[in-house]
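All remarks here apply to the structure that follows.
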2 protein chains.
Amino acid sequence: MERVISIPKPTLERLPLYYRRLLQWREEKVSIVSSADIGKNLGIDSAQVRRDLTYFGAVGRPGIGYKVEELISYLGELLGINNVNEAIIVGVGNLGRAICSYPGFAPYGLSIVAFFDIDPQIVGTKIRGHEVFHVNDLIHIVKRLKIQIGIITVPAREAQKVADQMVAGGIRAIWNFAPTRLHVPEEVIIRSEDLAVGLATLSHYLVREDLSERAEGLDRGISGS
Amino acid sequence: MERVISIPKPTLERLPLYYRRLLQWREEKVSIVSSADIGKNLGIDSAQVRRDLTYFGAVGRPGIGYKVEELISYLGELLGINNVNEAIIVGVGNLGRAICSYPGFAPYGLSIVAFFDIDPQIVGTKIRGHEVFHVNDLIHIVKRLKIQIGIITVPAREAQKVADQMVAGGIRAIWNFAPTRLHVPEEVIIRSEDLAVGLATLSHYLVREDLSERAEGLDRGISGS
DNA sequence: TAGATTGTTAATCGATTAACAATC
DNA sequence: TAGATTGTTAATCGATTAACAATC
């Protein structure tokens with residue numbers, strides 16, 4: 001399955017961070033950076049940075065560093081950013097709207113070309129100049145426009161149904177914001193952004209800290225620090 | 001630093017998934033589940049599930065499985081869900097509003113008790129019955145209410161300033177949705193939800209697939225499958 | 001040349017999985 | 001008891017970090 005060169009997932013999640021920081025450096029007219037610069041800035045080991053950047057072949061110069069411009073287009077290529085990524089979004093409540101107008105996407109060439117909802121109050125209205133279609137038209141429209149990316153921002157209980165229709169329309173990657181697990185054919189890529197996971201882990205750390213305060217008190221005599 | 005019992009991060013991100021699925025089972029009147037049930041449902045190895053569930057001591061019965069009810073309260077405790085988590089949110093654009101009304105949080109006891117913004121058009125209005133305050137009042141209000149969690153949904157360039165004020169007010173955990181890295185004292189917990197990372201990885205996989213199609217063609221003679 | 005920094009190899013660290021004795 | 005499933009140990013796998021020769 002995982003054929004050809006395959007990048008470790010953690011690396012893949014760091015590349016966009018490098019990319020974004022590089023855009024900022026370009027803005028600031030910085031033309032060359034070292035792996036140490038990048039690492040210090042993002043809190044990542046410099047060896048890790050070099051490692052990450054060489055998965056598809058080298059791009060830096062020993063003794064010099066990385067040309068910001070070069071690295072940007074290299075990473076852009078790698079991340080598929082240089083392409084235009086056309087997507088549809090299903091569910092135009094607050095979350096859907098927030099995603100449509102999320103400024104962080106600006107550099108990533110995401111273009112949301114059609115909006116869908118099921119609420120008759122919303123279907124037929126316009127969002128950012130685009131008409132909102134009924135979900136029933138999804139398969140048809142997706143096929144016609146050959147859309148590859150589908151974004152799901154509907155309630156959890158609707159999500160699977162929507163995913164099924166996306167798959168039927170030929171969508172190859174689903175970005176799911178509904179708090180539920182989706183079942184799709186294995187050739188379809190799924191990425192779920194599960195906000196509850198974020199909240200729960202944060203909340204867990206708070207609890208942990210409370211517990212560990214006592215423990216640290218007992219501990220201090222032994223381990224110092 | 002990482003004192004007392006410490007759970008691996010990947011485990012910590014799976015616990016909320018278990019928790020959510022268990023709530024669903026309870027709803028369906030299922031009273032006992034096995035690690036195999038949980039695993040199959042979430043696409044996780046059953047040994048992994050057992051491992052994850054024993055980091056704070058055992059809860060299952062050999063030969064039987066796990067009592068849904070017991071496991072729910074066990075995980076709830078672990079994740080700090082049984083507490084009420086009071087939070088403030090800064091930035092009440094679409095994303096802020098989406099988070100406030102995100103249904104996935106329902107089980108997690110998150111209570112957003114104050115809203116802040118800087119836009120004079122918005123300050124003073126009400127959201128879900130709560131007045132929106134000016135960011136200038138943040139430190140004062142956070143101190144008075146002894147809030148521990150701050151949610152940042154402002155544009156990237158404002159985020160650090162907001163984080164500084166949260167820290168000054170005594171907030172201990174920050175949930176950051178702005179696409180930028182925040183610098184805070186090390187005792188403050190930060191979790192960043194970086195949507196651009198999600199988008200970029202998704203887009204990357206699409207590109208990879210396109211490339212690998214060719215490669216697979218060449219490959220097939222050798223490795224079959 | 002001397003100093004800096006890469007790309008890469010080897011060593012370390014941490015997480016996942018397999019296997020199985022203990023237990024219901 | 002026989003069958004099922006846990007909790008845990010040991011083996012495997014994968015990612016991070018340290019170290020350094022090669023290169024500018």
Side-chain angles (χ1 to χ4, degrees), chain A residues 1-18 21-22 25 30-72 74-75 78 197 201 204, chain B residues 1-18 21-22 25 30-72 74-75 78 197 201 204:
Chain A
M1 191 77 343
E2 205 88 332
R3 207 66 68 75
V4 205
I5 321 97
S6 110
I7 308 187
K9 219 182 260 168
T11 294
L12 201 45
E13 312 224 313
R14 282 187 296 266
L15 296 182
L17 304 181
Y18 302 155
R21 191 61 185 82
L22 285 160
W25 269 313
V30 176
S31 61
I32 292 188
V33 294
S34 70
S35 59
D37 294 334
I38 299 174
K40 214 178 316 149
N41 236 275
L42 300 173
I44 296 169
D45 189 87
S46 75
Q48 182 78 82
V49 173
R50 292 199 296 283
R51 230 308 133 108
D52 287 346
L53 291 178
T54 51
Y55 273 101
F56 280 83
V59 283
R61 323 248 153 128
I64 309 292
Y66 301 85
K67 286 194 183 169
V68 170
E69 199 54 53
E70 234 173 77
L71 204 43
I72 285 175
Y74 170 78
L75 286 175
L78 223 61
V197 169
T201 56
H204 162 86
Chain B
M1 190 76 343
E2 205 90 330
R3 207 65 67 76
V4 204
I5 322 98
S6 110
I7 308 187
K9 220 180 258 168
T11 294
L12 201 44
E13 311 224 313
R14 283 188 295 266
L15 296 182
L17 304 181
Y18 302 156
R21 191 61 185 82
L22 284 160
W25 269 312
V30 175
S31 61
I32 293 187
V33 294
S34 69
S35 58
D37 294 334
I38 299 174
K40 213 178 317 149
N41 236 274
L42 300 173
I44 296 168
D45 190 87
S46 76
Q48 182 79 81
V49 173
R50 293 199 296 284
R51 230 308 135 110
D52 287 345
L53 292 177
T54 51
Y55 273 101
F56 281 83
V59 285
R61 322 245 157 129
I64 308 291
Y66 301 84
K67 286 194 182 168
V68 170
E69 198 55 53
E70 237 173 74
L71 205 42
I72 285 174
Y74 169 80
L75 286 174
L78 224 61
V197 169
T201 56
H204 163 85

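Here is how names work: the chains are called A, B, and so on, in the same order as the sequence lines, proteins then strands, and each is numbered from 1.
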Checklist line | Residues within residues 61-72 of chain B bordering DNA chain D, heavy-atom distance below 4.0 Å | finding: B/R61, B/P62, B/G63, B/I64, B/G65, B/Y66
Margin query: Less than 4.5 Å apart, side chain to side chain, heavy atoms only: is that true for A/V49 and A/D37?
Written below: no
Check: Nearest heavy-atom pair of A/T201 and B/L12: which atoms, and what distance?
Finding: CG2-O, 3.6 Å
Next item on the list: Provide, to the nearest angstrom, the distance between the CG atom belonging to A/L53 and the P atom belonging to C/dT5.
Entry: 15 Å
Check: Going by number, which of residues 10-18 of chain A have a non-hydrogen atom under 4.0 Å from DNA chain C?
Finding: none
Next item on the list: Provide, to the nearest angstrom, the distance between the CD1 atom belonging to B/I38 and the C1' atom belonging to D/dA4.
Entry: 15 Å
Pairs of donor and acceptor atoms involving the side chains of residues 63-72 of chain A, under 3.5 Å and at least two apart or interchain, shall be tabulated with distances.
| residue | atom | partner | partner atom | Å |
| --- | --- | --- | --- | --- |
| A/E69 | OE2 | A/R26 | NH1 | 2.9 |
| A/E70 | OE2 | A/R61 | NH2 | 3.2 |

Notebook entry, point to check: Heavy atoms under 4.0 Å, any strand shown: does B/S35 hit a base, just sugar-phosphate, or nothing?
Noted result: sugar-phosphate
Margin query: Stem list for DNA chain D, please, built from Watson-Crick and G-U wobble pairs under 3.5 Å and keeping only runs of at least 3.
Written below: C:3-24 with D:3-24
Next item on the list: Nearest whole angstrom, please: distance from the P of C/dG14 to the OH of B/Y55.
Entry: 12 Å
Next item on the list: Whole angstrom is fine here: how far is it from NZ in B/K9 over to C1' in C/dA15?
Entry: 13 Å
Check: Taking atom C1' of C/dT6 as reference, at what distance in whole Å does atom OH of A/Y74 sit?
Finding: 13 Å
Item checked: A/T54 side chain near C/dG7 phosphate (N/O to OP1/OP2, under 4.0 Å) -> no
Check: Checking all strands, does A/V59 fall into the base, sugar-phosphate, or nothing category for heavy-atom contacts under 4.0 angstrom?
Finding: sugar-phosphate
Enumerate all atom pairs, one protein N or O and one N or O from nucleotides 18-20 of chain D, separated by less than 3.5 Å.
| residue | atom | partner | partner atom | Å |
| --- | --- | --- | --- | --- |
| D/dA19 | N6 | A/R50 | NH2 | 3.3 |

Notebook entry, point to check: To the nearest angstrom, how far is B/D52 atom CG from C/dG14 atom P?
Noted result: 17 Å
Item checked: Length of the line joining A/Q48:CD and C/dT6:P, which is rounded to integer Å -> 14 Å
Please tabulate, one pair per line, all N/O donor-acceptor pairs under 3.5 Å involving side-chain atoms of residues 38-46 of chain B, not counting sequence neighbours.
| residue | atom | partner | partner atom | Å |
| --- | --- | --- | --- | --- |
| B/N41 | OD1 | B/R21 | NE | 2.6 |
| B/N41 | OD1 | B/R21 | NH2 | 3.3 |
| B/D45 | OD2 | B/A47 | N | 2.9 |
| B/S46 | OG | B/R50 | NH1 | 3.4 |

Next item on the list: Check B/G60 against B/P62 and note the closest heavy-atom contact, atom names and distance.
Entry: O-CD, 3.9 Å
Margin query: On a heavy-atom basis, which atom in A/Y18 and which in A/L75 lie closest, and how many Å separate them?
Written below: CB-CD1, 3.9 Å
Item checked: Validation row: B/L15, A/H204 side chains within 4.5 angstrom (heavy atoms) -> no
Margin query: Let me confirm one number: the CG-CZ distance from B/L53 to B/R51, rounded to the nearest 0.5 Å.
Written below: 12.0 Å
Next item on the list: Considering non-hydrogen atoms only, spot the tightest contact between B/Y55 and B/T11 and give its length.
Entry: CE1-OG1, 3.7 Å
